[in-house]
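Working notes, beginning with the structure itself.
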Amino acid sequence: MDKILRINMSAAGGPVARTEPLGDYAGLGGRAMTSTVVAKEVPPTCHPLGEANKLVIAPGMLSGSAAAMSGRLSVGCKSPLTGGIKEANSGGQAAQVLGRLGYAAIILEGKAAEGDLYKVFINKDGVKLESAAALKGLGNYATVDKLAAEYGGKVACITIGQAGEMKMSAASVAVTDMEQRPTRHAGRGGVGAVMGAKGIKAIILDDEGMKMRTPADPEKFKAANKAFAEGLRKHPVTGEGLPAFGTNVLTNVLNEAGGYPTRNFQTGRFEGAAKISGETQAALENERGGEGAATHGCHRGCVIRCSGTFYDKNGNFLTKQPEYETVWAHGGNCGIDDLDLIARLDRMDDDFGLDTIEMGATIAVAMEAGLAKFGDGQGAIKLLQEVGDGTPLGRILGNGAAVTGQVFGVERVPVVKRQAMPAYDPRAVQGIGVTYATTTMGADHTAGYAVATNILGVGGSVDPLKPEGQIELSRNLQIATAAIDATGMCLFIAFAILDQPETFNALVDLIAAFTGQPLTADGVTALGKTILKNEREFNRAAGFTNKDDRLPDYFKNERLAPHNVTFAVTDEELDTVYNW
Ligand code: SF4
């Protein structure tokens, strides 16, 4: 990956693409690349949908190589949802293909003329920019079908649906999976709205004729990759739980722990949890059969294989196996206990191009406002359809939980920096509350997954109901996560590398053998700290202060059943997370 593709959408006479050397960005990948470019090139106070914002799409440092698990694609910009810096990453095929094509980043800048929509085709011969007028108003599935008919069944696609075109703050960027379906999403923070604002509907990547990226030290790389993959296979979470049941294995676990946010975070246990658990979901998928019913990878080179396929009652493909966060957002958080209905909502989100977490949280807030009743699945489908149709109500909902709560006068709105909280109540999992409050991203479980240590006993053990030890835990996880997000590795490797020193060492050796540069554990930590520092400085310059690093008041005042707890980490403690 020795070049950057820059596309100026504002150029006189139409968009212009140019390829340039890496320059100051040499050696960066994934979140390190996106956040460095955004921090350096985007004015922090600019309008997120304006000309000055940039959308940066970057494969990880190891993407496109034979390194196991290295296929995450980072998408970064100033977020229209939070107003701060954003990195959202996705699985799917695009990162591997972009890496093999030799691009360390695509930077979309400027803004197309009002109403113009373009597609970008990239292959070994170069870059072509063409009108995408024929794709206007289409969902991601129809868009990818048309692209497959034009470019063939092997290309990887990065697309937006109607939500991105309408520049909604909950809009995602979709990435096609191994079956060339748009089921993988850089979901959070409205990155799809920024792609829509630039006037890009699709990026099509064809790596035919390109080779896998080769490591600097092939022998050491091969040995480290083998040890790394073995470590993943032998850990109970990455080797057994995730492959057998997918991420939804967490429903029963979180419900049992009393940290499963139910009916818009009113309680911590859902009576319908068993009906929508990973165990029930896996049994249903296996019963309905069809190719791919067993768990499989979302991109080439995944050895954990936490994904799967969801077929409807008639055995027809409906969507990929909905993730834990999605099943919770559209399930327990809305009082819904019907897996078929949740899968339908997931399909709609993927097609319109929406973040499932933001939309589930938004529908729950709308239910609290009385727009539908908790548990009313058809009501939830109707609300989501309004978003895809772009009705006035849909435009409100499509801009997320914070806007919806404000419009309808709801006090219980579970957001930090205007981004909706995921599937862990911070009162019963206090470590994740620290991450929600302090990460640069707005409420985001992936930024420092303290659930691992609070609930799953991975990487040690910290009492989830108490504030003690949570600051240090979240800080260390946020630093480690930022570094992992730079490599292009799926975050689920964290379970094994936190518990098994030899697997962590294999990862460090893998990176060092690939780059040919010596690397130590301290070097990994330093990389994570640098990323976080850049992001935090951007947010400060955009106007964020310590007061933005807080949970909504009700988490401190309303006790959560069944443990009868409030969030007990003090503001003064939260302000020490970045003291290292
Ligand atoms: S573990 Fe799951 S999310 Fe991660 S790369 Fe594999 S299939 Fe994708």
Side-chain angles (χ1 to χ4, degrees), residues 29-31 59-75 88-99 156 172-188 225 228-250 278 281-282 285 292-310 319-327 346 350 355-357 422-423 444-446 449 451-452 456 458 481 484-498 503 507 510:
R31 179 171 167 187
M61 283 161 65
L62 300 181
S63 300
S65 75
M69 313 298 305
S70 63
R72 300 297 291 189
L73 184 78
S74 287
V75 183
N89 61 60
S90 173
Q93 288 286 73
Q96 304 283 31
V97 177
L98 194 54
S172 63
V173 168
V175 177
T176 48
D177 58 20
M178 293 211 289
E179 289 75 36
Q180 210 184 36
R181 291 167 176 150
T183 62
R184 309 290 145 182
H185 290 245
R188 310 235 62 197
N225 203 19
F228 178 56
E230 277 169 9
L232 295 173
R233 285 196 189 100
K234 82 172 185 208
H235 191 274
V237 175
T238 52
E240 293 166 28
L242 285 172
F245 304 112
T247 52
N248 198 16
V249 69
L250 286 168
Q281 188 175 13
E285 287 170 13
T295 55
H296 66 283
C298 70
H299 64 73
R300 285 179 288 205
C302 167
V303 298
I304 299 176
R305 299 162 68 85
C306 80
S307 190
T309 310
F310 194 97
T319 185
K320 90 282 189 186
Q321 171 181 283
E323 304 289 347
Y324 166 64
E325 304 295 331
T326 306
V327 173
D346 179 68
D350 282 358
D355 173 15
T356 59
I357 296 174
D444 180 353
H445 61 300
T446 66
Y449 193 64
V451 180
L456 306 174
V458 171
T481 302
I484 291 173
D485 286 344
T487 62
M489 291 279 167
C490 171
L491 192 55
F492 295 150
I493 67 166
F495 294 109
I497 64 173
L498 281 170
T503 311
L507 174 65
L510 185 66

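Start at 1 with the first residue, then count along the sequence. Read the numbers this way: they start at 1 and go in the same order the structure lists the ligands and their atoms.
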Subject >> Met69: which of Leu491, Thr238, Ile493, Thr487 passes side-chain contact (heavy atoms from CB on, under 4.5 Å) >> reply: Ile493
**OP:** Just jot down the ligand 1 atoms closer than 4.0 angstrom to any heavy atom of Phe492, in number order.
**Re:** 1 (S), 3 (S), 4 (Fe)
Original post:
Side chains of Arg188 and Pro422: does their closest heavy-atom pair fall under 4.5 Å?
Top reply: yes
**OP:** Evaluate the side-chain proximity of Thr183 to Asp346: yes if any heavy-atom separation is below 4.5 Å, no if none is.
**Re:** no
Original post:
Within Cys490, is some N, O or S atom less than 2.8 Å away from atom 4 (Fe) of ligand 1?
Top reply: yes
Subject >> Cationic N near anionic O, under 4.0 Å, Asp350 to Arg184 >> reply: no
**OP:** Look only at the side chain of Tyr324 and the backbone of Ala423, and say whether a donor-acceptor pair between them is shorter than 3.5 Å.
**Re:** yes
Subject >> Nearest-neighbour protein heavy atom for atom 5 (S) of ligand 1, which is reported as residue plus atom name and distance >> reply: His299 NE2, 3.4 Å
Subject >> Pair Glu240 + Arg233: basic N to acidic O under 4.0 Å >> reply: no
**OP:** Considering the heavy atoms of Cys298, write down every atom of ligand 1 situated less than 4.0 Å from one of them.
**Re:** 5 (S), 7 (S), 8 (Fe)
Subject >> Close-contact set for ligand 1 against Gly297 heavy atoms, below 4.0 Å >> reply: 7 (S)
Subject >> Nearest-neighbour protein heavy atom for atom 6 (Fe) of ligand 1, which is reported as residue plus atom name and distance >> reply: Cys302 SG, 2.3 Å
**OP:** Using 2.8 Å as a strict upper limit, say whether an N, O or S atom of Cys306 approaches atom 6 (Fe) of ligand 1 that closely.
**Re:** no
